[in-house]
Number of protein chains: 4
Amino acid sequence: MNATRPQTRRERLDAKETAVISAARALFLEKGEAGTRVAEIAKRACVAEGTLYLYFKNKRAILQAVVADHWEQLTVGAREAVEGQTETFDKLEALTTFHLRAVIADWSLLMLGTRLWATGAEAEEQMERDYRRNYVAIFDDLFRRGQDRGDVAADASLWQVRDLFYGTLEYTARTMMLHPERTDYDGVTEFVVAQVKSACLSGGQMPLYKEESGSRDLRSITGRLEAALKDLKSLDV
Amino acid sequence: MNATRPQTRRERLDAKETAVISAARALFLEKGEAGTRVAEIAKRACVAEGTLYLYFKNKRAILQAVVADHWEQLTVGAREAVEGQTETFDKLEALTTFHLRAVIADWSLLMLGTRLWATGAEAEEQMERDYRRNYVAIFDDLFRRGQDRGDVAADASLWQVRDLFYGTLEYTARTMMLHPERTDYDGVTEFVVAQVKSACLSGGQMPLYKEESGSRDLRSITGRLEAALKDLKSLDV
Amino acid sequence: MNATRPQTRRERLDAKETAVISAARALFLEKGEAGTRVAEIAKRACVAEGTLYLYFKNKRAILQAVVADHWEQLTVGAREAVEGQTETFDKLEALTTFHLRAVIADWSLLMLGTRLWATGAEAEEQMERDYRRNYVAIFDDLFRRGQDRGDVAADASLWQVRDLFYGTLEYTARTMMLHPERTDYDGVTEFVVAQVKSACLSGGQMPLYKEESGSRDLRSITGRLEAALKDLKSLDV
Amino acid sequence: MNATRPQTRRERLDAKETAVISAARALFLEKGEAGTRVAEIAKRACVAEGTLYLYFKNKRAILQAVVADHWEQLTVGAREAVEGQTETFDKLEALTTFHLRAVIADWSLLMLGTRLWATGAEAEEQMERDYRRNYVAIFDDLFRRGQDRGDVAADASLWQVRDLFYGTLEYTARTMMLHPERTDYDGVTEFVVAQVKSACLSGGQMPLYKEESGSRDLRSITGRLEAALKDLKSLDV
DNA sequence: CATGAATGAGGTTTCATTCAT
DNA sequence: AATGAATGAAACCTCATTCAT
């Protein structure tokens, strides 16, 4: 039985496509889009230069494929990370951990994506937007379910919290890349989660006010305690 | 006396250099670095192509100049915005407003900067880092003075708050660019300021809303409880 | 009995070869030699690309086959047209009609032939010459038989009349292609036939004008001769 | 005085353009359009490859320039040839001599022109048509003036005579190229002129009538001679 | 006989940079 | 200091041809 290579047709083509994409990713990451020559990609993928053009129309198309592939992996990874948890903020923490590490690992790929729409091609700009929207849907879902469960304030603003979450995380990732001495992943995670939590618990526009309202509660409690103590005091006499 | 043009030598050269830089900025913004030809820059700056090379060694050097110029303007603008205020959080708000608008106006320029170190040139990476550090110093200063004045918790982490601040702001700027229907600049500012405030009021590692919001209140409440208990204790005598 | 497909081997191969040739003809006509990709020919002929090379050594060989095929058809068609007539000039008219239409229908094919020897390949140049010679033999035959029958002057120059015939006809065809409003096929035929006839009736080197322009001279000479003869006559008496 | 090179700017550019065109012409003639590499043209014109593209947008544009240049030279040459003569048919003869030699000398250039519209580019097809129309205008002028002077029958068809003229001449040129042993330029010229004359003297549709009139004359003349001789003979008795 | 994926040489074109004027 | 024509390296891509299946 020659069951060793069951997939003789379709599979081999896919393998070659994958090889090209990962070769291209490596080179794009290392030398940027403009700095990478198609010939190099071909050589690294162990294909002839012309063969590339059987799989991709363009150098640009290769870049698109790399980016698409990256987003797909990101999305799958994030989904898996989140699915491992049941509680809203456990999910958030898992997503935070995943995203931070993923962004640090492939920062340049996010930049490649950015490059796609930096050239003014309308269609590609739309694609990039869609990829990100699709990825971000995981957070959005988490957020909305949190609202349903009562973990997240009903009037919290998804837009703002989302920007807070991804913005802080990605900026931190960049900072950590530039300063390799910063390695406190857990601290960062804790901080971000706490910050997001804080934003989730209050209405989007005035996050502080809730706590202050809480402080009012505290004050009334204190008043009641004082009253109770005063009461206690008068009884003792 | 030929006082009509007092600065006939040095000044005219500077004017030409400036013309080149702003022509280059406009084109880089519009069509990206790779999409902009040196010839175009020259034409737009009303200089001959060869003349460019009397002022700049390279196309790359032009890009560097554009980026440097941009950071300088940013820094000056931010400093002015902050200097108009005296209170820590008023300064913060002013800086927020300024940065958000500046980033939206020239998003691509930030990307150009990113591009400088995306190609793996060590020296340029360092430059970009220095520019940003210099710009960010304004925030750092604000933060540290806030700590001195007691507006910011002594144990708040500058790194984390800074990442929170710039990260959220820049991500929001990007989001707003992609979704022109979002125009609530004030809401965003308010949200970011509140969020930063919240992070400033607590130690970096324990940003949780609960501790924080209450911290001052709690202290006073604690004081009252202590007083009440002391009172109670005195009764025991 | 498997008499359903009597020609199962040889015939099927020929069919495929024919399919390739006619696919190639169509494409060459439409887009020129350089503009036609081998892959297109294959697809149009419903054969795999590699299969082409079982039948033809080259793209160039395909072109040769197309041209050869075209000349063959032309020759057969012309022969049939001529055979339908018995008189010399009826044959000529039939040939004229046929050639004019054939050339208009497949003008580009003649050009393809030209292209074969425009590239400086000696062998192909010779082929093209032979094809044409073979085709033109029909005219030559008509001409020579006309001489035998006395329809054509014995001293008429075959070369010149042949050039006159095909040259005028083909140039007219081109003109008619460029000016679709010219549709007077019959007029053209009549003109060409008349012109050829005129050239046939006189010696090649001394075409009609001499006799013709001379007709006046001849008349005066005749007059003088008559006068002389009359003179002679009167003297003799 | 450095009057040695009075034209330092414009002229030198024109010289370079001319150099490119003639280099291109030589190569196109020798190896065809597809067979000629742009690099070769550049080398032969003693320019850098990139320089070509300062003068011509395309390889195709070079071809167009070559063809345009050729038609221009042809037209100028033909005009000069014709202007040397005053009589209609002397002009015709001069034009015949010129065209025959010009076509033989640069046959392939005519074919290049053909190639321009063989690819289906509408605009180029139009250009080629215009060039030829402009060139042919010389013949048309000659023809029409001949009609005015009474040298050419008023009802002669310009279209047909023109096709006869150029068609026969160009076909003959081709034949002569393929058969170098044919060198009887004068005979060809004589024949073509005579043929055109014959077509000019009669209405387009019935070119034979003149000769027939001639042949009638001849016949009647012969009759008179025969009668006179018979007369003479009878005297001998 | 048939296939069609793979090849890779070679073509055209661009554009940052130089240098004679 | 200023010019802009000239350069030429190198990039992307095409497509006729081959060959393992």
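A, B, ... follow the sequence lines: proteins, then strands. Residue 1 opens every chain. All values below come from the heavy atoms of this structure, side chains included, with hydrogens, waters and symmetry mates left out.
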Please give, in whole Å, the distance from E/dT12 P to D/Arg37 CZ?
8 Å

Position toward the 5' end of DNA chain F (nearest nucleotide), C/Thr36 or B/Leu13:
B/Leu13

Determine whether more than 12 heavy atoms belonging to other residues, nucleotides or ligands lie under 6.0 Å from atom CD of C/Glu72.
no

Check this one for me: any side-chain N or O of B/Asn58 less than 4.0 Å away from OP1 or OP2 of E/dT17?
yes

Residue pair D/Ala39/C/Glu49 against DNA chain E: nearer the 5' end by closest nucleotide is C/Glu49

Specify the separation, in whole Å, of atom NZ of C/Lys31 and atom P of F/dT14.
14 Å

Taking the C1' atom of each, how far is E/dC1 from F/dT21, in whole Å?
13 Å

Side-chain N,O (C/Tyr55) to OP1/OP2 (E/dA2) below 4.0 Å
yes

To the nearest Å, give me how far apart OH (D/Tyr53) and C1' (E/dG11) are.
9 Å

Can you tell me if A/Lys16 touches the phosphate of E/dA6, counting only side-chain N or O atoms and a distance under 4.0 Å to OP1 or OP2?
yes

C/Arg60 CZ - F/dT17 C1' separation (whole Å)
16 Å

Check the phosphate of E/dG4 against C/Lys43, side-chain N and O only, distance under 4.0 Å to OP1 or OP2. Yes or no?
no

Mind checking who F/dA6 pairs with, Watson-Crick or G-U wobble, both distances under 3.5 Å?
E/dT17

Upstream residue (5' side of DNA chain E) when C/Leu54 and B/Gly50 are each assigned their closest nucleotide
C/Leu54

I'd like to check D/Tyr55 versus D/Ile62 (side-chain heavy atoms, cut-off strictly below 4.5 Å). Are they in contact?
no

Between E/dT18, F/dC12, F/dT3, which nucleotide gets closest to the side-chain atoms of A/Lys59?
F/dC12

Rounded to whole Å, CG of A/Asp14 lies from C1' of E/dA5 at a distance of 14 Å

Check D/Lys59, D/Arg25, D/Arg60 against D/Glu33 for a salt bridge (charged side-chain N to carboxylate O under 4.0 Å, His left out) and give me the one that passes.
D/Arg60

Within the 4.5 Å heavy-atom criterion, are D/Phe28 and D/Ile41 side-chain neighbours or not?
yes

Separation of F/dT14 atom P from A/Phe56 atom CZ, nearest Å, is 15 Å

Intermediate values then yes/no, salt bridge (charged side-chain N to carboxylate O under 4.0 Å, His left out), A/Glu49 and A/Lys43:
CA-CA 8 Å; A/Glu49 212 169 331; A/Lys43 186 182 289 180; over 6 Å; no

What is the distance from CD of C/Glu17 to C1' of E/dC1, rounded to the nearest Å?
14 Å

With nearest nucleotides of DNA chain F determined for D/Leu52 and C/Val38 from heavy-atom distances, which residue corresponds to the more 5′ nucleotide?
D/Leu52

Taken to the nearest whole Å, CD/A/Glu33 to C1'/F/dC12 is 13 Å

